**Q** 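Quick one: this structure, given as structure tokens, is what I'll be asking you about.
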Amino acid sequence: MRPIRAEVSLSALRHNYRFAKSCAPHAKAFAVVKANAYGHGLDRAVRALPDADGFATLELESAIRLRELGVEQPILMLEGFFEPDELRIFAENDLWTSVHADEQIDQLAQAELERPLHVFAKMNSGMNRLGFAPAKFRAAVERLAVLPQVASITLMTHFSSSDEPGGIDEPMRRFREATLGLDYPVSLSNSAATIDHRDAHGAWVRPGIMLYGATPFTDRGAARIGLKPAMRLTSQLIAIQDLQPGDGVGYGLGFRAEQSMRIGIVACGYADGYPRIARTGTPVAVDGEITRTVGRVSMDMLAVDLANIRTAHIGSSVELWGDLVPVDEVAKGAGTVGYELLCAVAPRVPTQDVA
Ligand SMILES: *Cc1c(COP(=O)(O)O)cnc(C)c1O
């Protein structure tokens, strides 16, 4: 069997959720488990966090799966319902819904539901993705407030730049102004705001990436924040090559040896979710020692520099990311963020729990 594996640490997930709770001691915290728990496995996230205050997702199948797994806590649907037909399923499963557009209010008003829904009314605080414009927010909330289909209202927004110093100042000013005098609980914070912005915690925080032990910040690593990586992507060396000066590596011979050197071939490629655009020099660990990738990542393999790894042999363990190599450092080598790499681990990679 190909040696690539994704190991997911349940205790790291628990640690990170507790850490999020300690950042926001007066709020409840949805564990954000969209995108198959950011690639970690929805079932596994539920097993790791049986006592989470709630879960947040946006795929209807995964919300139903949460109920099948016995989750009794609130489940927030971050983008709400996409079609009016789904409202029946929302009510049956007691799913809390975000409402971000007038069309959704119209559909809700026309629905016959077996029970009223808890609604998170979403304001656009500047990101211009989802949500009512500040000037229209109050009217939307007032419309919702009188609907028999609505059980409760929470006011919600999502920040565009909570990872930057001062990045929530203007969105918070808009939110406060638009909601002045509206007496409802609020939900504002993703991971970055949960960690950095105490004044934005409100009733419910919505940490995602931090639960998985990756950083929401560009300038602050996960370890420095106190997070533990939940996923280790591991494989093994399946070949070793000795290069002479001038020899190339991989498709296009994108890397050339300047002196004689030894490289290892790892059973991991872009079809496993390792980014093809990761450049030469992206960190990787072999036998517990940090080294670098060399040459272009191919579909099923990539090459690593073994110059300083004397123990290396066929079968040597390789960590693509995890405890030794932060996923965020690999992401930097590929010009992206840890989020994207975690979510992109391919279905062909077997995943397993570790305590
Ligand atoms: C994904 C998402 C979150 C979680 O964001 P992180 O940066 O991963 O913490 C929170 N709120 C909403 C609306 C989201 O879509």
Side-chain angles (χ1 to χ4, degrees), residues 13 16-24 27-40 42 45 49 52-60 62-63 74-82 95-101 104 118-132 154-164 167-168 171-172 175 185-197 200-222 225-227 229-231 327-328 331 336-344:
L13 286 167
N16 295 331
Y17 182 77
R18 273 200 298 266
F19 182 80
K21 292 283 292 176
S22 74
C23 293
K28 291 187 175 179
F30 289 111
V32 178
V33 293
K34 61 188 174 187
N36 194 29
Y38 291 48
H40 293 68
L42 181 67
L49 305 174
D53 300 324
F55 292 89
T57 186
L58 49 77
E59 304 91 354
L60 191 53
S62 69
I75 297 174
L76 174 64
M77 301 301 282
L78 292 163
E79 297 183 353
F81 50 96
F82 298 93
L95 306 180
W96 296 15
T97 184
S98 154
V99 166
H100 59 81
Q104 287 178 316
H118 296 281
V119 168
F120 277 50
K122 188 163 190 179
M123 192 193 97
N124 171 7
S125 57
M127 189 175 198
N128 290 311
R129 221 172 46 173
L130 299 184
F132 297 95
T154 300
L155 309 180
M156 172 185 186
T157 195
H158 188 61
F159 298 126
S160 61
S161 313
S162 51
D163 55 327
E164 292 168 17
I168 71 164
M172 280 300 280
F175 185 81
V186 303
S187 176
L188 312 169
S189 294
N190 57 3
S191 295
T194 300
I195 295 166
D196 267 3
H197 298 292
H201 285 162
W204 283 94
V205 292
R206 307 187 305 268
I209 193 69
M210 69 183 296
L211 304 180
Y212 308 100
T215 183
F217 303 107
T218 45
D219 59 348
R220 216 180 317 159
I225 300 167
L227 302 172
M231 185 194 291
V327 67
D328 299 300
T336 183
V337 289
Y339 294 79
E340 186 179 355
L341 302 194
L342 295 172
C343 294

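Treat the numbers as computed from the prediction; the structure is a model and nothing was measured. Numbering of ligands and ligand atoms starts at 1, following listing order.
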**Q** When you measure from atom 7 (O) of ligand 1 to every protein heavy atom, which one gives the shortest distance, and what is it?
**A** Y339 OH, 2.7 Å
**Q** Once salt bridge (Lys or Arg N to Asp or Glu O under 4.0 Å) is applied, what residue pairs with a partner in residues 209-220 remain, sequence neighbours excluded?
**A** D196-R220
**Q** Under 3.5 Å between any N/O of K34 and any N/O of ligand 1: does that happen in this structure?
**A** yes
**Q** How would you list all residue pairs meeting salt bridge (Lys or Arg N to Asp or Glu O under 4.0 Å) that involve residues 200-212, not counting sequence neighbours?
**A** none
**Q** Does Y38 come within less than 4.0 angstrom of ligand 1, counting non-hydrogen atoms of the residue?
**A** yes
**Q** Going by the atom numbers of ligand 1, which of them fall below 4.0 Å from some non-hydrogen atom of L78?
**A** 12 (C), 13 (C), 14 (C), 15 (O)
**Q** Evaluate G208 for polar contact with ligand 1, using N/O atom pairs at a separation under 3.5 Å.
**A** yes
**Q** Please tell me if the side chains of V99 and F132 come closer than 4.5 Å, counting only heavy atoms from C-beta onward.
**A** yes
**Q** Got a donor-acceptor contact below 3.5 angstrom from the T57 side chain to the A63 backbone?
**A** no
**Q** Counting only N and O atoms by type, is there a donor-acceptor contact under 3.5 Å from the side chain of N124 to the main-chain atoms of L130?
**A** no
**Q** Give yes or no for whether the N/O distance cutoff of 3.5 Å, strictly under, is met between K122 and ligand 1.
**A** no
**Q** Checking a contact table here: which protein heavy atom is nearest atom 5 (O) of ligand 1, and how many Å away?
**A** N190 CB, 3.5 Å
**Q** Among all the protein's non-hydrogen atoms, which is closest to atom 9 (O) of ligand 1, and how far away is it?
**A** S191 OG, 2.5 Å
**Q** Ignoring hydrogens and angles, tell me if any N or O in the side chain of E59 forms a donor-acceptor pair with the backbone of A35 under 3.5 Å.
**A** yes
**Q** Just distances here: any N/O of I209 and N/O of ligand 1 closer than 3.5 Å?
**A** yes
**Q** Counting only N and O atoms by type, is there a donor-acceptor contact under 3.5 Å from the side chain of N16 to the main-chain atoms of F19?
**A** no
**Q** Under 4.0 Å, heavy atoms only, figure out whether ligand 1 is touched by the backbone of R206, its side chain, both or neither.
**A** both
